[in-house]
Colleague: 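Starting off with a structure, shown below.
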Amino acid sequence: MADPIVYVGQRIAAAFAKVGGAAAVGVDTAVRASDRADAQVNGSLALAKAMGLKPHEVATKVLEVADLKDICSDAQVAGPGFINLTFNNQFLARELMSSSVSDKLGVRNATKPCNVVIDYSAPNVAKEMHVGHLRSTVIGDALVRMLTFVGNTVVRENHVGDWGTPFGMLIEHLVDSGETHAANELSVGDLDSFYRSARKKFDESEPFQARARARVVLLQSGDAETLRLWKLLVAESTRYFQMIYRTLGVLLEDTDIMGESSYNKLLPQVVERLGKLKMLTTSDGAEVVFAEGFVNRENQPLPLIIRKTDGGYNYATSDLACVIDRVERLNADLLLYVVGAPQAQHLQMVAAVAKQAGWLQAPREMVHVSFGNVLGADKKMLKTRSGDTVKLDALLTEAVERAAAAVSEKNPELSDAAKTNIARIVGLGAVKYADLSTDRIKDYTFDWDRMLSFDGNTAPYLQYAHARICSIFRRANIDRASVRNFSPTIAHPAERNLAMRVLQFDSALWDTIDKYSPHRLCTYLYDLAANFSSFYEQCPVLKAETETERDSRLMLCDLTARVMQTGLGVLGIEAPEQM
RNA sequence: GCCCUUGUAGCUCAGUGGAUAGAGCACCGGACUUCUAAUCCGUUGGUCGUAGGUUCGACUCCUACCAAGGGCGCCA
């Protein structure tokens with residue numbers, strides 16, 4: 001356990017228990033980072049109230065009892081009864097060592113590793129991926145990496161929209177266009193025009209509508225020729241998705257696709273099982289479940305529609321099938337849904353019904369990792385100048401182009417190959433980081449200049465800090481791995497700030513995981529970069545006063561770089577060695 | 001109409017019931033013969049939407065209201 005704050009927390013909690021006895025139960029004895037010392041403890045005020053004593057007295061007693069000699073150089077009561085703790089430098093050095101030689105840089109493994117199924121990305125077949133898919137894909141990818149990093153088994157599921165009524169019209173349009181021509185159109189990535197043409201025909205031509213409807217029936221009844229045409233559409237789209245995922249550098253693969261169609265066989269079972277449980281009600285000709293606590297406009301109970309009046313299933317049925325499949329086939333303990341905020345009520349209803357049916361029993365749980373929209377400068381949904389949705393591949397291309405211009409300007413000596421690679425890493429990193437670094441629940445404003453800026457809470461700033469460290473080792477021709485056993489000595493304040501920050505990686509990552517909020521790790525990494533930049537200005541490494549100091553700083557630099565690289569890594573962002 | 005989310009500096013955003021609410025941008029002023037100045041250091045800037053309540057203590061929890069966005073029966 002590397003984080004000094006977590007470490008001292010155990011001793012403080014023990015001291016509180018000793019002082020307060022039964023009164024200390026339920027009192028928040030948490031140790032927190034402080035701007036007045038290294039850490040502060042506020043629990044004395046609450047405990048004093050419970051015991052009818054003065055907070056200052058309680059704090060004093062806690063300090064008398066607490067065993068802090070080996071880790072704190074200073075511990076005192078301040079203000080009304082706060083305890084301020086200052087760690088001694090030997091303790092910090094020891095913790096840095098343990099972090100440096102640990103394969104996970106001091107990050108604790110999950111106490112109970114579990115099976116996590118993450119549902120994310122979810123583009124639609126025969127439709128372009130746009131900025132709306134960016135958030136789900138990028139946030140989902142970061143969660144996959146973080147949860148895997150701490151020892152969980154993670155299953156990626158890409159719930160692609162590959163089924164339903166639109167496929168009637170898409171298949172008929174495919175027939176009209178001719179398969180070869182359609183395949184060409186789809187393979188150049190111009191999926192939207194294919195979809196729009198189909199839609200246009202559907203809206204304008206009644207005979208076409210009739211054909212489309214008949215085709216849906218054929219598709220659902222498993223007609224071989226129809227399925228063949230459908231698979232053609234799916235295959236072209238899958239190739240396109242994979243191209244985007246590779247460009248974006250996310251972990252999703254073809255084999256992660258579990259489209260809506262995958263659950264077809266389970267749908268009748270959902271109805272059957274709900275029927276047996278006597279949960280189904282017929283309402284306006286549809287078979288529905290009334291989950292408690294949900295009402296419609298007229299304040300009447302709001303149903304979850306399992307089977308439509310026409311006998312077809314809809315997305316609620318398929319989402320329930322998903323729950324069953326993930327729990328019973330994949331043995332999922334935790335089901336994450338990285339899905340936009342508008343789906344909140346739907347997912348709540350699905351969860352409520354799944355629980356009521358006994359398919360989702362505690363401690364298994366379903367969590368909606370909800371997120372807001374990407375906005376343009378006008379505060380409305382991000383659109384192109386002509387008012388169209390922004391295509392994801394165009395957005396990524398522009399990001400890399402903009403980064404390339406910046407790289408050429410700032411570091412013209414780099415080889416063309418290096419420039420190309422760095423531009424790719426910086427451009428994609430900027431886009432991903434902009435998405436990850438604000439609280440996912442909120443909408444965020446998309447702004448090229450800000451995300452590619454080298455100042456502030458941006459990917460390039462963090463990547464630059466990492467590149468500078470690499471540069472130190474490259475200049476001096478020192479092997480990074482060779483300094484990892486060096487014993488650090490903490491002397492300079494900037495050195496100390498950096499050390500403290502490095503040691504907080506564990507708690508920052510866990511805090512991020514507990515809340516499924518990548519922006520918390522971003523904030524930490526930004527602070528780390530800022531602490532490093534400050535250190536870099538004030539503390540010469542290669543020209544340190546003594547060899548001991550030099551070795552110590554080399555060790556601290558290497559550890560900082562590894563935390564940065566690993567931290568960015570679990571966010572799905574690369575850290576180049578040169579910029 | 002009911003429900004959900006959001007509201008913090010001019011702008012973009014952090015903020016775990018705790019002490020004096022923090023960054024970045026912008027503005028203004030400094031620091032390159034130096035391990036990458038793509039950086040650093042400093043100044044200026046606040047009714048935490050409004051009003052109550054709970055609490056030793058509230059940006060944080062509760063209630064009401066205001067504003068913005070979203071959801072509310074057979075699309076997904």
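Throughout, protein chains are lettered first and strands after them, A, B, ... in sequence-line order, and every chain is numbered starting at 1. All heavy atoms count here, side chains included; hydrogens, waters and symmetry mates do not.
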Colleague: For the side chain of A:Asp439, counting heavy atoms from C-beta on, which of B:C74, B:C40, B:A14 is nearest?
Modeller: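 Comparing B:C74, B:C40, B:A14 against the side chain of A:Asp439, the answer is B:A14.
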
Colleague: For residues A:Tyr315 and A:His346, establish whether the separation of their ring centroids is below 6.0 Å.
Modeller: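 So the answer is yes for these two rings.
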
Colleague: Could you pick out which residue, A:Gln578 or A:Tyr315, lies toward the 5' side of RNA chain B when each is mapped onto its nearest nucleotide?
Modeller: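 It is A:Gln578, whose closest nucleotide lies nearer the 5' terminus.
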
Colleague: Counting only distance, no hydrogens or angles, is the base of B:A38 paired donor-acceptor with the side chain of A:Tyr464 under 3.5 Å?
Modeller: no

Colleague: Check whether any side-chain heavy atom of A:Ser283 sits under 4.5 Å from a side-chain heavy atom of A:Phe290, and report yes or no.
Modeller: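 Touching, per the 4.5 Å side-chain cut-off.
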
Colleague: Could one point to a donor on the side chain of A:Arg450 or the base of B:U12 with an acceptor on the other under 3.5 Å away?
Modeller: no

Colleague: Output the distance between atom CG (A:Leu233) and atom NE2 (A:His173), rounded to the nearest 0.5 Å.
Modeller: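 Spacing of CG (A:Leu233) from NE2 (A:His173) equals 10.0 Å.
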
Colleague: When you compare B:A37 with B:A21, how far apart are their P atoms, in angstrom units rounded to a whole number?
Modeller: 35 Å

Colleague: If the P atom of B:C4 is compared with that of B:A9, how far apart are they to the nearest Å?
Modeller: 26 Å

Colleague: Could you walk me through whether A:Lys383 and A:Thr389 satisfy the side chain to side chain donor-acceptor pair (under 3.5 Å) test, starting with their C-alpha distance in whole Å, then the side-chain angles of each, then the deciding distance to 0.1 Å, before giving a yes or no?
Modeller: CA-CA 5 Å; A:Lys383 292 275 161 71; A:Thr389 53; over 6 Å; no

Colleague: So, the side chain of A:His466 versus the backbone of A:Pro576: is there a donor-acceptor pair under 3.5 Å, distance only?
Modeller: yes

Colleague: Pull out every stem in RNA chain B, meaning runs of 3 or more consecutive Watson-Crick or G-U wobble pairs with both distances under 3.5 Å.
Modeller: B:1-7 with B:66-72, B:10-13 with B:22-25, B:28-31 with B:39-42, B:49-53 with B:61-65

Colleague: Start at the 5' end of RNA chain B and walk down; is the nucleotide closest to A:Tyr536 or to A:Ala529 reached first?
Modeller: A:Tyr536

Colleague: Tell me if the side-chain of A:Thr458 makes a donor-acceptor pair with the base of B:G24, cut-off 3.5 Å, by modelled atom types.
Modeller: no

Colleague: Could you tell me how far B:U43 sits from B:A23 if I compare only their C1' atoms? Round to whole Å.
Modeller: 16 Å

Colleague: Classify the side chain of A:Ser534 versus the base of B:C40 as yes if they form a donor-acceptor pair under 3.5 Å and no if they do not.
Modeller: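 No, no donor-acceptor pair under 3.5 Å.
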
Colleague: Please determine if A:Arg440 forms a cation-pi arrangement with A:Phe371, meaning its NZ or CZ atom is less than 6.0 Å from the six-membered ring centre and no more than 45° off the ring axis.
Modeller: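 Relative to the ring axis of A:Phe371, which defines the angle, A:Arg440 lies outside at least one limit.
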
Colleague: For B:C75 versus B:U16, give the span between their C1' atoms, rounded off to a whole number of Å.
Modeller: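 B:C75 and B:U16 have their C1' atoms separated by 41 Å.
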
Colleague: Examine B:A14: is either OP1 or OP2 under 4.0 Å from a nitrogen or oxygen in the side chain of A:Arg520? Give yes or no.
Modeller: no

